[in-house]
2 protein chains.
Amino acid sequence: MNDKREQWQAAEQLALVLTEGGLQRMAARTLAVFLFTDQESVTAGEIAERLEASAGAVSGAVKSLLTVGLIERLPAPGSRREHYRLRDDAWATLFTSQNTVIQTMLQAARAGIDSTEADDPAHRRLTQMRDFYEFLLGELPALLQRWHQHSSKEAKRWRLDSHPSTGH
Amino acid sequence: MNDKREQWQAAEQLALVLTEGGLQRMAARTLAVFLFTDQESVTAGEIAERLEASAGAVSGAVKSLLTVGLIERLPAPGSRREHYRLRDDAWATLFTSQNTVIQTMLQAARAGIDSTEADDPAHRRLTQMRDFYEFLLGELPALLQRWHQHSSKEAKRWRLDSHPSTGH
DNA sequence: ACGTGACTTCAGAATTTTCTGAAAATTCGG
DNA sequence: CCGAATTTTCAGAAAATTCTGAAGTCACGT
């Protein structure tokens, strides 16, 4: 329990995986800071300090995280510096953002199907591809809906009997 | 319909998206060849020619696609060169391979939770993250199962009444 | 209004990734 | 087994990505 060293390692580890998942390196590390900080919100300067990175790099990273909707700017707290924090639905958002990838794959498959004859093996393969991504895209809304139900149920349970520690 | 130019564009477009999705550049372009070729199988040499890339680059790409399970080596067709083709379940496989990413995110979240006190805001954020990915991981098997049902049903329908053209 | 601190932008540097080319290894037909 | 064709490996080159540092812009507080 609670060792700063461990936290640092876990954060860097996470940043690595996020990078695999398509985020840029600095954006991933920044997101890790948002997750692991013990404050409610952080400023760009604090991120730079924590990551030992330049203000410029942090600026770009924060901007991209804002664009994707993973973090939000906090209503000015009277200070001169901007405060940011992780959004509550960040993970669902991150997941959803991959739908655009699926959409594009689908479009590419359809374009291929259209440019190909029915007896071409490519036509068959592209059709299989299209069918899969069509199916997937159709399933996602329901999946996210189930998540929202699931999570709101959790929140309720939490309020009613205040479990001291669940650990699941 | 059927314009080689269009096909080439669609293929390159797809390769781009696949790259976004985590595949290496050359692996993505190679996968596009497997999809769009009008042959049942292709050799490394043919891929290299099509992509105007070196044999070395193709070798690496094919190897990685084999490892992930997206393509398969064909039982020797009498020729000296190896023949490869896209596997039937390639897309489901590609999708599944992202589960490992989710697994790793989950582990990172759990590590963070363990290294943090219950009253730390980070603890709350990491718990939310863990819950989401736990949920997701739990949903995936059923999702893939539905896909298999779905696709086998399609195949059956195909065999029974031989639709001339569906276009969905 | 003005000074100051924070944020953004951007050119160039550093790093990382990716590809080529050639040599070594492998494999199949003879 | 030998030889030709193919594939694999790998060092170094090329390309793409990412970061820094500094200059410029903006906004707050006085």
Side-chain angles (χ1 to χ4, degrees), chain A residues 11-34 37 39 41-68 70-85, chain B residues 11-34 37 39 41-68 70-85:
Chain A
E12 284 295 332
Q13 171 65 32
L14 177 65
L16 241 69
V17 186
L18 287 169
T19 301
E20 307 286 299
L23 279 185
Q24 295 186 334
R25 185 183 145 84
M26 199 60 195
R29 295 183 70 207
T30 300
L31 190 55
V33 171
F34 278 106
T37 181
Q39 304 170 215
S41 64
V42 291
T43 67
E46 289 165 351
I47 295 170
E49 185 186 12
R50 175 78 145 82
L51 298 179
E52 303 182 48
S54 73
V58 172
S59 174
V62 166
K63 189 187 205 176
S64 74
L65 290 179
L66 278 173
T67 301
V68 195
L70 293 178
I71 64 175
E72 60 191 348
R73 186 171 288 151
L74 281 184
S79 158
R80 183 168 301 184
R81 324 181 235 198
E82 300 279 7
H83 281 239
Y84 305 90
R85 73 171 169 205
Chain B
E12 284 296 332
Q13 171 64 33
L14 177 64
L16 241 69
V17 186
L18 287 169
T19 302
E20 305 287 298
L23 280 185
Q24 293 185 336
R25 184 183 144 85
M26 199 60 195
R29 295 183 69 207
T30 300
L31 190 56
V33 171
F34 277 107
T37 181
Q39 304 169 218
S41 64
V42 292
T43 67
E46 289 165 351
I47 296 170
E49 185 186 11
R50 175 78 146 82
L51 298 179
E52 302 182 50
S54 73
V58 172
S59 175
V62 166
K63 191 188 203 175
S64 74
L65 291 179
L66 278 173
T67 302
V68 195
L70 293 179
I71 64 175
E72 60 192 348
R73 187 171 286 149
L74 280 185
S79 158
R80 181 167 303 182
R81 324 181 236 196
E82 301 279 6
H83 281 240
Y84 304 91
R85 74 171 170 205

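Within every chain, numbering begins at 1; the chains are lettered A, B, ... in the order of the sequence lines, protein sequences first and strands thereafter.
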### Message
Checking side-chain contact (heavy atoms from CB on, under 4.5 Å) between B:Val62 and each of B:Thr43, B:Ile71, B:Leu31, which is the one that passes?
### Response
B:Ile71
### Task
May I ask you to test the B:Val33-B:Glu46 pair for a side-chain heavy-atom distance under 4.5 Å?
no
### Message
Given C:dT8, C:dC7, D:dT8, identify the nucleotide with an atom nearest to the side chain of A:Ser59.
### Response
C:dT8
### Query
If you check the A:Arg25 side chain, which of D:dT18, C:dT9, D:dT8 turns out closest?
D:dT18
### Query
So, for B:Leu18 and B:Ala28, which heavy atoms are closest and what is the spacing to 0.1 Å?
CB-CB, 3.8 Å
### Message
Just the rounded figure in Å: distance from C1' of D:dT17 to CD of B:Glu20.
### Response
13 Å
### Query
Taking atom P of D:dT8 as reference, at what distance in whole Å does atom CE of B:Met26 sit?
14 Å
### Query
From C:dG21, D:dT7, D:dG21, pick the nucleotide closest to the side chain of B:Ser54?
C:dG21
### Task
Check the distance between D:dT7's C1' and B:Leu65's CG and give it to me in whole angstrom.
16 Å
### Query
Of the candidate nucleotides D:dT7, C:dT8, D:dT8, which contains the atom at the shortest distance from the side chain of A:Arg73?
C:dT8
#### Entry: Spacing between B:His83 atom NE2 and D:dA5 atom C1', to the nearest angstrom
13 Å
### Message
Between C1' on D:dT20 and CD1 on A:Ile47, what's the gap in Å once rounded to a whole number?
### Response
17 Å
### Message
I need the CZ-P distance between B:Arg29 and C:dT17, as an integer number of Å.
### Response
20 Å
### Message
Quick check on B:Gln39: does its CD atom have over 12 non-hydrogen neighbours (other residues, nucleotides or ligands) under 6.0 Å away?
### Response
yes
## Note on the structure
Atom CD of B:Glu49 and atom C1' of D:dT7 are separated, to the nearest Å, by 17 Å
### Query
Between D:dT8, C:dT8, D:dG21, which nucleotide has the shortest distance from any of its atoms to the side chain of B:Tyr84?
D:dT8
### Query
So, is B:Lys63 near the phosphate of D:dT9, with a side-chain N or O under 4.0 Å from OP1 or OP2?
yes
### Query
Can you check whether B:Arg81 has a side-chain N or O nearer than 4.0 Å to OP1 or OP2 of D:dT6?
yes
## Note on the structure
Here the pair of heavy atoms bringing B:Leu65 nearest to B:Ala27 is CD1-O, 3.8 Å
### Query
Looking at A:Gln24, does any N or O in its side chain come under 4.0 Å of the phosphate oxygens OP1/OP2 on D:dT18?
yes
### Message
Quick check for you: among C:dC19, D:dT20, C:dT9, whose closest atom lies nearest to any side-chain atom of A:Ala57?
### Response
D:dT20
